[in-house]
Amino acid sequence: QVQLVESGGGLVQAGSSLRLSCEASGRTFSSYAMGWFRQAPGKEREFVAAFSRSSSTTYYADSVKGRFTISRDNAKNTVYLQMNSLKPEDTATYYCAARDRPATYYLIQSFDYWGQGTQVTVSS
């Protein structure tokens with residue numbers, strides 16, 4: 001079992017940057033493959049970025065590739081999402097997720113543990 005708590009969301013202008021953090025507690029953090037998803041009002045939750053199980057590979061949605069970077073610090077039990085060049089369409093609640101089994105990295109059902117979400121609002 002792992003508990004996830006996101007932070008770092010806020011209201012920013014288009015073109016700005018934000019860094020989201022997700023702190024994990026519970027079982028050994030380094031054994032989990034971590035990911036970020038987001039959900040805009042009236043839309044389904046969608047994949048944003050993730051690590052492979054070995055953390056040797058990162059994956060990104062096409063909509064954020066080149067602007068967002070996922071990283072992790074196992075010593076701090078924390079995964080980050082650095083978001084640059086933010087756009088109004090990035091406005092959403094961002095969720096951190098964890099899995100400890102082989103699964104497809106971009107599917108919601110692949111992840112067993114979720115945080116409560118942090119709101120990101122980008123104004124034009």
Quiz question: by atom type and distance under 3.5 Å, do the side chains of Thr78 and Arg72 form a donor-acceptor pair? no
Gln3 and Ser25: side chain donor to acceptor below 3.5 Å: yes
Could you give all pairs that pass the side-chain hydrogen bond (donor to acceptor under 3.5 Å, both in side chains) test and reach residues 11-24, with sequence neighbours left out? Ser17-Asn84
Would you check, one step at a time, whether the test side-chain contact (heavy atoms from CB on, under 4.5 Å) holds for Val79 with Cys96? CA-CA 8 Å; Val79 62; Cys96 173; 3.8 Å; yes
Donor-acceptor contact present, side-chain [X] to main-chain [Y], <3.5 Å:
{"X": "Thr121", "Y": "Leu11", "value": "no"}
{"X": "Arg99", "Y": "Met34", "value": "no"}
{"X": "Ser110", "Y": "Thr104", "value": "yes"}
{"X": "Thr91", "Y": "Val122", "value": "yes"}

With a 4.5 Å cut-off on side-chain heavy atoms, are [Y] and [X] touching?
{"X": "Val5", "Y": "Gln116", "value": "yes"}
{"X": "Lys76", "Y": "Phe29", "value": "no"}
{"X": "Tyr113", "Y": "Gln1", "value": "yes"}
{"X": "Trp36", "Y": "Cys22", "value": "yes"}
{"X": "Tyr80", "Y": "Thr69", "value": "no"}

Working for salt bridge (Lys or Arg N to Asp or Glu O under 4.0 Å), residues Lys65 and Asp62: CA-CA 5 Å; Lys65 201 171 294 184; Asp62 288 343; 3.2 Å; yes
Check the pair Leu81, Phe68 against side-chain contact (heavy atoms from CB on, under 4.5 Å), reporting the backbone distance first and the verdict last. CA-CA 7 Å; Leu81 185 68; Phe68 290 12; 4.1 Å; yes
Disulfide (SG to SG under 2.5 Å): which pairs involve residues 50-90, sequence neighbours left out? none
Evaluate side-chain contact (heavy atoms from CB on, under 4.5 Å) for Arg38 paired with Thr93, printing each intermediate quantity in order. CA-CA 5 Å; Arg38 68 185 181 186; Thr93 300; over 6 Å; no
Which heavy atom in Val2 sits nearest to a heavy atom in Ala98, and how many Å separate them? CG1-CB, 4.2 Å
Basic-acidic side-chain contact under 4.0 Å: Asp90, Arg67: yes
Joining Ile, Leu, Val, Met, Phe, Trp and Tyr whenever any side-chain heavy atoms lie under 4.5 Å apart, the cluster holding Phe47 also takes in Phe37, Tyr59, Tyr95, Tyr105, Tyr106, Leu107, Ile108, Phe111, Trp114
